Amino acid sequence: MERTRTRLGAAVFLMLILGHLGNALEVPLDLAQPPTITQQSPKDYIIDPRESIVIHCEAKGKPHPSFSWTRNGTHFDIDQDPKVTMRPRSGTLVVDISGEKAETYEGIYQCTARNKHGAAVSNNIVIRQSRSPLWSKERNEPIRVQEGEALVLHCRPPAGLPPPIIFWMDVNFQRLPQSSRVFQALNGDLYFSNVLKEDSRNDYICYARFPHTQTIQQKQPITLLVLNLDAVNETVAALFNETDLFSDGLAEERKPTFLIPSGSSSSKMVLRGQVLELECITEGLPTPEVSWSKLSGEFPDKRTSIVTFQKILRIVNVSDADAGEYRCTAHNRLASVHHTIRVTVKAAPYWLTTPRNLVLAPKEKGQLICRASGTPKPTINWAMNGIPIENSPEDPNRKVEGDTIIFEEVQTGSSAVYQCNASNEYGYLLSNAFVNVLSETPRVLTPANQVYQVIRNNHALLDCSSFGSPIPKITWFKDSQSSTLEGDPYLLHENGTLEIYVAQALNSGKYICVARNTLGIAENHVYLEVKEPTRILKQPKYKVAQRNRNVVFECKVKHDPTLIPIMIWLKDNGELPDDERFLVDSDSLTITDVTENDAGTYTCIMNTTLDHDSASAELTVVEAAPTPATIYEQPDPPTDLELTDMKPRSVQLTWIPGDEHNSPIHKFVIQYTDSLHDHGHWHNLTHVPGSKTTAHLELSPYVHYSFRVLALNAVGLSDPSNPSHMYKTNPAAPDENPSGVKGFGTEHDNLMILWKPMSGLQANGPGLQYKVMWRKKDVDKNWTSVTVANVSKFMVSGTPTFTPYEVKVQAINNNGIGPDPVVVTGHSGEDLPVQAPDNVQVLVLNSTLAEVHWEPVPPKTVRGHLKGYKVYYWRERSLHKHNPHRVEKQLLTFSGNKSHGMLPGLQPYSLYLFNVMVYNGKGEGPASSNLQFETPEGVPGRPSFLRITNSNLNNLTLEWGPPNDLNGHLTGYILKYQQVNNSNELGPMEELALPANKTSITLPNLKYSTRYKFYFNAKTGQGAGPVITEEAVTIMDEVLMYQPSVDEAGGGNTRTQTSPPIAGSPPRHPFHKVHPAAPAFRNVSSSVGENGMLINWEYWGAEKHVYVEYIVKNDNTLGEEEWQKEYVNGSQAYVLKGLKEGLSYRVRMVAKGHDDQAVLHQSEELLVTVPAMPSRQVDIATQGWFIGLMCAIALLILVLLIICFIKRNKGGKYPVKEKEDAHTDPEFQPMKEDDCTFGEYSDTEDHKPLKGSRTPSNGTVHRDSSDDSLVDYGGGDGQFNEDGSFIGQYSGKSSIRETAEGPSPVNTTAMNSFV
């Protein structure tokens, strides 16, 4: 069984962090800025002559830039060439080369994007046309060569752009076989180290594929004839009187010889970053073998490959380290030869430091750095707005020093775009970087209230992208804490991103990002949710199943309850077979009737949106009985444990393995018990592979050992073996000293030394003691010591306050002393600080936030570990004179390296007092003098109450109280209201502005018996405060009052004032239903009508589920749940039908909640009696509608008979008629032709709509789309030949059908193309 678990892995995290930290400075597009090139075509742009040329140039800026082009260094007037257009709000050129030669537009293009703040330029874009020329005509004579000789078949393809790809094939387009003897060189030629007789053929064809145009050109076939030596001897014998020129028929063997490159040495130059290909082609007999080596080092492992049967050495992404001497060695059984290739690496320019955009505030300074490297070293040239900087206007605040431009005290209006060009003989680099001079308050660009989710124990990144000029400083706060988030576990990146290395549940919450510069402050809130990881608690297990049996794999998972899990099962890393035998449940997979094909590895994967967990198990399928299935069990325990080679600190243990039970043993686990110190407790000592039956055990002194062995296979652990004989080791001096040594004070005049006591196993012998030593650090040279036993601490008294000491503890027993102990530094006890912070100041940032500054106290006055600083602050009073005096002290703590802190959550428009003090581990020092500050006004609190009084037919009076928290001077109130009712919609909003001295208002001209919802809040000069709401209904006798639905309103004794009426028309729009607090059903009544019992009522409730319920009076057989009910929501009357005459019914109105279960409102019961009615018999034969129907049917039958008679007397049949009969519309066959009787007609089958279609709402049933008549699909004229063949498109019948039935669903275009 295998198991894997994936979280936010390192690769994902690396991409996230690079995305967070690697972004260049982005200026919001609503701010003035010079142009920036955002897209451009590549420097070397090869075009397809069959398509239009598109040269890209896109840029952004404020204002949006304009674009211009140069071609071959001169201005390119686009308006003068009708073939060239520029896309709107873009610099991209589109050249229509239809009817033109593409060569006309070859050249070097450069784009310039310009606005009033500067100009940015693109690279030089070289436009060249792709070329795939034809092979020159040639006639290839057959090539005759003696067997064993070397041979080269030349390809020599035509020069194309880009160069073609070469390959050799035969006349059947099959690639020619290649080997170490026959192979293709880099130039495309086919080399033979030695030819054989089977190389003879007449179809050696070289093909050249031009990738840009996807065309393939073919060379004329080459014929090769290989002559063996027997044939040569026969020819010579005929010419030279039976004399053999060669003694036998075997070719003569030859030493290896280099064909490419020639000689013993050569050289090659390659550019950095490109591919180095070294070729070594040899000839000889037997075929030489080729090998490669580097004389000046090793090959780079991951970038080196040797291809083409060892003939070509390839190194990708060449670096400077790849320069040096490479040796190619060719050898056969006759000799070995070498060729040395000296490789030099040059480099086109490449960036070391790319110039980056600068945003500077007036009077700020900065610099643009442009550093590049290359071989030879590149030359750096600067330009401003596309003009060489030496020709640009002088700027006393700008200084150019080689690869750097330095700006001092920049001025408004000096924004520009600077170009850096780094070039050498192998290429160039061009980069644009602007200097934008502006003043801008901070703004946070990260969306507000963004929620980040992360799995526990993973990295979390909280973004705070900001902009401002000067560049804002970013600080982070969590929840209501006032101290900034710095240090473990937080890391603040340069771009403002807050990183949490290992996120835990306690890290969840709200985080506040504050961006601040000299012009202002901005903040943003984000939220972090740390989720629990997904875990598979019960994994699927290995299964062995007989064929035709069932198998169940279990997979029980635990996951974060807020994440949605998805369970997926795989078989052999693929989808499960589409077979109903595979049943997937929420936590299991069941396979019924197992077959041999079901064997494999099954994996359950639990996915959530943030992580996943998986586990696998294997299924083995075996034959069913009578062959018994293999049983897999845990192994039997090992036996016959024996101790040998016994030494003071080691022993060898051997054993005999138990039965494996069809599952091989993976390993043996050796355990021990110490009967001297820890009798009866077994501990793991070591383990060995399952193939071994002996183990060498390292032992400790002064231990009484007993050993046992357990075996482990795929099923599990065996039972333990019987213990071995006891082996006692001799005592010795300690090998180690106590751990966890600490030194600290509990009082101002002592030093406590603590350590972790050693176990009996660590003591190595009897008589364990501890030698405790201490001395003043950097003062005393000699150690003071004391020896103690059976303790783990020692107190040193009479020490000076908070003085550093060096302490150490050494172990001693009856056999000697332990090694030299480690020295630990500690401090004696602390005392309270003696000095308060000086120079305490406060800076009020806004109505709820202030910043406190102080000078750190001298370290000597702390007299202990500096824990930090405490700021006590309290609200003395409101700045309103009538507000009471209140003192509620609040405390904020700051780390010791801080000299300032933020006071959040202040009350606006208030007077505050505060002081600052330092504290250490002992306690607080003296406080600084109390200072005071005032907070400016903010938005007011919620009005203290809102009441509706004096309700009349069409008006309401509202009364309110001012907010308890004024937070400044009230400037007025805002009243909004709208109609609501049980239609679950809201009417339009009306809004009134009221003066601050008003406490009531009467709203006239409201709609009678209508519910209104009111929204009311106060405002100051800083804005409007939170809203309080009320609802009321305008009725004749009473007002239905409701409690606030959103916020709580405080009550108070407020004097009611009468305000002049405010005219306004009541809203008359859809309403929103609300919950009433008064009786809901009124005026329930009944009356008897012809169709049933009419029930009338009035309903004032908010629930939508309203019913009329009724039951027969005195029906004791029916329970309460047997009441009959009718759904009547949205009406005020309903007719109960089907009531039995002469019976009495109990009737009531009921309103239920959204669950349709709980009864929320119920009217009083109404008793109604249905009177007995005399029945009336109607003679249908006397009804006018029946007489008319019979006449119509008789007339229709007469017309059909006339039509049948005419058709019978019309004449003989003709081919068209026969074909029409063969294609009769299957949906409508009105009568048979033979006897004029009506044909069969299926109302149930012919009018069924197609599967998935819908019947039109007007009740018209369209004809089925399977009709055979082409007339139904035609759109033009249609007619037949005399033989009935179709010669045109139909129109007449189609137009009639489309008028009557709507357009046909058949695709007419497809039908016309078929015809």
Side-chain angles (χ1 to χ4, degrees), residues 488 648-649 674 676-678 683 698-704 728-834 858-868 896-897 919-923:
D488 192 35
R649 293 208 178 189
D674 178 10
L676 179 63
H677 303 102
D678 193 20
H683 307 277
E698 297 293 335
L699 308 178
S700 297
Y702 198 54
V703 177
H704 295 177
K728 301 179 180 180
T729 56
N730 297 324
D735 293 327
E736 57 184 306
N737 291 307
S739 60
V741 179
K742 299 178 183 178
F744 59 91
T746 59
E747 297 293 338
H748 67 89
D749 58 351
N750 69 16
L751 173 67
M752 176 70 74
I753 302 175
L754 291 179
W755 62 91
K756 183 179 179 181
M758 298 171 62
S759 65
L761 188 64
Q762 295 172 310
N764 283 4
L768 177 64
Q769 293 180 306
Y770 304 102
K771 184 178 180 180
V772 184
M773 295 166 277
W774 69 92
R775 69 182 179 185
K776 288 184 181 180
K777 186 177 181 180
D778 300 329
V779 177
D780 296 337
K781 293 184 178 180
N782 298 324
W783 293 88
T784 304
S785 65
V786 64
T787 301
V788 296
N790 300 322
V791 295
S792 60
K793 62 182 177 180
F794 181 77
M795 177 76 73
V796 181
S797 302
T799 61
T801 302
F802 197 66
T803 301
Y805 278 84
E806 292 179 329
V807 298
K808 58 183 180 179
V809 181
Q810 188 175 33
I812 305 173
N813 66 13
N814 294 344
N815 293 83
I817 62 174
D820 289 337
V822 177
V823 177
V824 177
T825 300
H827 286 81
S828 57
E830 300 178 86
D831 207 347
L832 296 176
V834 296
K860 291 184 178 180
T861 65
V862 178
R863 301 204 297 177
H865 294 287
L866 176 59
K867 297 294 185 180
N897 60 351
Y919 73 101
N920 59 18
K922 187 71 172 179

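Source: prediction; values computed, not measured.
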| message | Is it the case that the side chain of S739 and the backbone of K756 share a donor-acceptor pair, with hydrogens and angles ignored and the cut-off at 3.5 Å? | response | no
| field | Quiz item: cation-pi between K771 and W783, 6.0 Å / 45° | value | no
| What are the two closest heavy atoms between P731 and G765, and how far apart are they? | CB-CA, 3.8 Å
| field | Check: D831 main-chain N/O paired with N920 side-chain donor or acceptor under 3.5 Å | value | yes
| N764/D735 under side chain to side chain donor-acceptor pair (under 3.5 Å): CA gap, chis, key distance, verdict | CA-CA 7 Å; N764 283 4; D735 293 327; 2.9 Å; yes
| field | K867 atom NZ: more than 12 heavy-atom contacts under 6.0 Å | value | no
| message | Measuring from atom OG1 of T784 to atom CE of M773, what distance do you get when rounded to the nearest 0.5 angstrom? | response | 11.0 Å
| query | For D820 and K808, what are the C-alpha separation, side-chain angles and deciding distance, and is it a side-chain contact (heavy atoms from CB on, under 4.5 Å)? | reply | CA-CA 9 Å; D820 289 337; K808 58 183 180 179; over 6 Å; no
| request: Heavy atoms only: give me the nearest A789-Q769 pair and the separation to one decimal. | output: CB-CG, 3.9 Å
| task | Would you check, one step at a time, whether the test side-chain contact (heavy atoms from CB on, under 4.5 Å) holds for V796 with V807? | result | CA-CA 11 Å; V796 181; V807 298; over 6 Å; no
| query | With a 4.0 Å cut-off, would you call E806 and R775 a salt bridge? | reply | yes
| task | Please round to the nearest 0.5 Å and tell me the distance separating atom CZ of R649 and atom CG of N730. | result | 10.5 Å
| Any donor-acceptor pair under 3.5 Å linking the side chain of Y770 with the backbone of M758? | yes
| remark: d(H683 NE2, D674 CG) to nearest 0.5 Å is 7.5 Å
| Minimum heavy-atom distance W755-F794, with the two atoms named | CZ3-N, 3.9 Å
| said: Looking at every heavy atom in both P757 and S792, which two are closest together, and how far apart are they? | reply: CD-CB, 3.8 Å
| query | Where is the tightest heavy-atom contact between G923 and P833, given as atom of each residue plus distance? | reply | O-CD, 3.6 Å
| remark: Taken to the nearest 0.5 Å, the spacing of K742 NZ from K793 NZ works out to 13.0 Å
| query | In Å and rounded to the nearest 0.5 Å, what is the CH2 to CD1 distance from W774 to I753? | reply | 6.0 Å
| Backbone N or O of H748 within a donor-acceptor pair of the T801 side chain at under 3.5 Å? | yes
| Is there a donor-acceptor pair under 3.5 Å between the side chain of S828 and the backbone N or O of T803? | yes
| query | With side chains defined as the heavy atoms from C-beta onward, is the minimum distance between K922 and E747 less than 4.5 Å? | reply | yes
| query | Hey, is the main chain of E830 close enough, under 3.5 Å, to the side chain of R863 for a donor-acceptor pair? | reply | no
| said: Distance check, rounded to the nearest 0.5 Å: N815 atom CG versus L768 atom CG? | reply: 11.5 Å
| message | Testing the basics here: between V824 and V741, what is the closest heavy-atom pair and its distance to 0.1 Å? | response | CG1-O, 3.6 Å
| query | Judged by atom type as modelled, is there a donor-acceptor pair below 3.5 Å linking the side chain of T729 to the main-chain atoms of V703? | reply | yes
| said: Has Q810 got a side-chain atom pairing as donor or acceptor with G818's backbone, closer than 3.5 angstrom? | reply: yes
